[in-house]
Amino acid sequence: MNIRQNISLKSYNTFGVEANARFFVEINSLDQLDMALRLKGYPEKFILSGGSNMLLTRDLEALVLYINIKGKTIVSENGDTVVLKVMAGENWHQLVLWTLERGYGGLENMSLIPGNTGTAPIQNIGAYGVELKDVFEGCQAMDIHNRSLRYFNREECKFGYRDSYFKNEGKGKYIIVSVTLRLSKANHNLNTSYGAIEAELSQQGVDEPTITDISKAVISIRQSKLPDPDKLGNSGSFFKNPIVDFKTFDRLVKKHPNIPHYQISQNSYKIPAGWLIEQCGLKGKRIGDAGVHEKQALVLVNHGGASGKEVLDLAYKVMAHVKETFDIAIRPEVNIIK
Ligand code: EPU
């Protein structure tokens, strides 16, 4: 195994913050993963994949396992559906494009989400009305302690809004090595009801969209408000949208009749944290090189030289401001390494 020392993780995290790994090993196969987990002398292991949903606020003393296992296999198919097994290190958006080229539907609304396939189930990635769980069959994961492989079906993953088993009971116990998806080959279940998609498609004059049209619309919407991590460091939405009860919602709506919201159940409403942050006057705010994105207040950005601590400090200030103004607690969606 090629264990390297004192490696900068700046190019391995989409926030582009500086942090060093004391030990670092790239993993390209299941055998290598098994071997690395068995290594003595490195009691602490840190699992790194696309680095697109984490904020590093310190150097890592652990052995960093950089999961870069590639491969896509068709498990089964018939006239209507295809079941696809994708290894953890495959880049998510490249996978989306690959499926669209073959006419497979299901991932188009999740175009351009940064990160790798293996981490998609951890936070049940989602965008524009579709979540990973909608196309998810199962995933295979390696137990960090005994290195056995276990298959998790959809129920066992306990998916919720930006949430899963792997963020809760299963945290720190498994490394997802592959994800199995069920996609459509015909009669695609198009999801165009999200307002911004409808608007984009009609602006482009598309009446009967194909899966590729939807992907193009999503790409265009995302590019118009979400920063490209290659140009401006970020981790997508930094916070989750808070879910409040009817009483809280009623209090808000009386004061702000136009508040955007999605009703989830009779007594729960999701409020866009981006809206709350913008109302606090924080959109575009900067403290040094850490900033709130000027086009989407839910996204924190690194204008170049911000440290992880500085971004975290800004996040705390944003949270405190929202709490003070609306009496609502917003929480980070990003995995913060403290
Ligand atoms: N809004 C504002 N100001 C802002 C941002 C948003 O007023 O600065 C308002 C918008 O006008 C709109 C509402 O808030 O009325 C919702 O905004 P948007 O459609 O941009 O979606 P979001 O709720 O802010 C969520 C996801 C995104 C995903 C979009 C589209 C979370 C935490 N974020 O954002 O996911 O792309 O919906 O489905 O649920 C990510 O997780 O990294 C991510 C980008």
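For ligands, and for the atoms within them, numbers begin at 1 and follow the listed sequence.
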[atom]: which of [options] has the nearest heavy atom?
atom	options	answer
atom 14 (O) of ligand 1	Pro332, Ser235, Gly274, Pro272	Pro272
atom 27 (C) of ligand 1	Arg222, Arg162, Gln296, His261	Arg162
atom 18 (P) of ligand 1	Phe238, Tyr194, Tyr128	Tyr194

task = Considering only NZ, NE, NH1 and NH2 on the basic side and carboxylate oxygens on the acidic side, decide whether Asp327 and Lys323 come within less than 4.0 Å.
result = yes
Presence of salt bridge, Asp313 and Lys309, under 4.0 angstrom: no
Give the residue, atom name and distance (to 0.1 Å) of the protein heavy atom nearest [atom].
atom	answer
atom 8 (O) of ligand 1	Ala297 N, 2.8 Å
atom 3 (N) of ligand 1	Glu278 OE1, 2.6 Å
atom 25 (C) of ligand 1	Asn241 ND2, 4.2 Å
atom 1 (N) of ligand 1	Trp275 N, 3.8 Å
atom 33 (N) of ligand 1	Ser237 OG, 2.9 Å

query: Parallel, tilted or perpendicular: which describes the rings of Tyr269 and Phe249, with under 30° parallel and over 60° perpendicular?
result: parallel
Would the distance check show the side chain of Ser307 and the main-chain N or O of Glu310 forming a donor-acceptor pair, the cut-off being under 3.5 Å?
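Yes; judged by distance alone, with no hydrogens or angles, the pair exists.
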Discussion item. Main chain of Thr119, side chain of Trp92: is a donor-acceptor contact present, judged purely on distance under 3.5 Å?
Written reply: no
**Q.** Approximate separation, where rounding is to 0.5 Å, of Lys270 NZ and Lys240 NZ
**A.**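 That separation rounds to 9.5 Å.
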Exercise. Flag Lys283 as yes when one of its N or O atoms lies below 3.5 Å from any N or O atom of ligand 1, and as no otherwise.
Key: yes
Any N/O of Leu226 closer than 3.5 Å to an N/O of ligand 1?
no
Interfacing atoms of ligand 1 (cut-off 4.0 Å, heavy-atom, [X]):
X	result
Tyr262	16 (C), 23 (O)
Gly236	42 (O)
Leu298	24 (O), 32 (C), 33 (N), 34 (O)
Pro260	15 (O)
Tyr161	31 (C), 32 (C), 39 (O)
Phe239	32 (C)

Take [atom] and look for protein heavy atoms under 4.0 Å from it; say yes if you find one, no if not.
atom	answer
atom 12 (C) of ligand 1	no
atom 43 (C) of ligand 1	yes
atom 39 (O) of ligand 1	yes

Requested in this report: Before giving the answer on side chain to side chain contact (heavy atoms under 4.5 Å, CB included), spell out for Val64 and Phe23 the whole-Å C-alpha distance, their side-chain angles and the decisive distance to 0.1 Å.
Outcome: CA-CA 6 Å; Val64 172; Phe23 304 103; over 6 Å; no
If we check side-chain contact (heavy atoms from CB on, under 4.5 Å) with Phe238, which of these qualifies: Ile330, Asn53, Val334, Leu314?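 Looking at Ile330, Asn53, Val334, Leu314, the match for Phe238 under the side-chain contact (heavy atoms from CB on, under 4.5 Å) is Val334.
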Only residue of Ile27, Thr117, Asn28 satisfying side-chain contact (heavy atoms from CB on, under 4.5 Å) with Ile69 is Ile27
_Checking side-chain polar atoms at under 3.5 Å, does Arg22 have a donor or acceptor matched by the opposite partner on Gln5?_
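Yes - a donor-acceptor pair under 3.5 Å links their side chains.
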Are Ile125 and Ile221 connected, step by step, through hydrophobic side chains (Ile, Leu, Val, Met, Phe, Trp, Tyr) whose heavy atoms are closer than 4.5 Å?
-> yes
task: Determine whether Ile336 and Ile122 fall in the same hydrophobic cluster, where Ile, Leu, Val, Met, Phe, Trp and Tyr are linked whenever their side-chain heavy atoms lie under 4.5 Å apart.
output: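 No.
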Applying a strict 4.0 Å limit to heavy atoms, is Lys225 in contact with ligand 1?
->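 Judged by the 4.0 Å heavy-atom criterion, Lys225 does count as contacting ligand 1.
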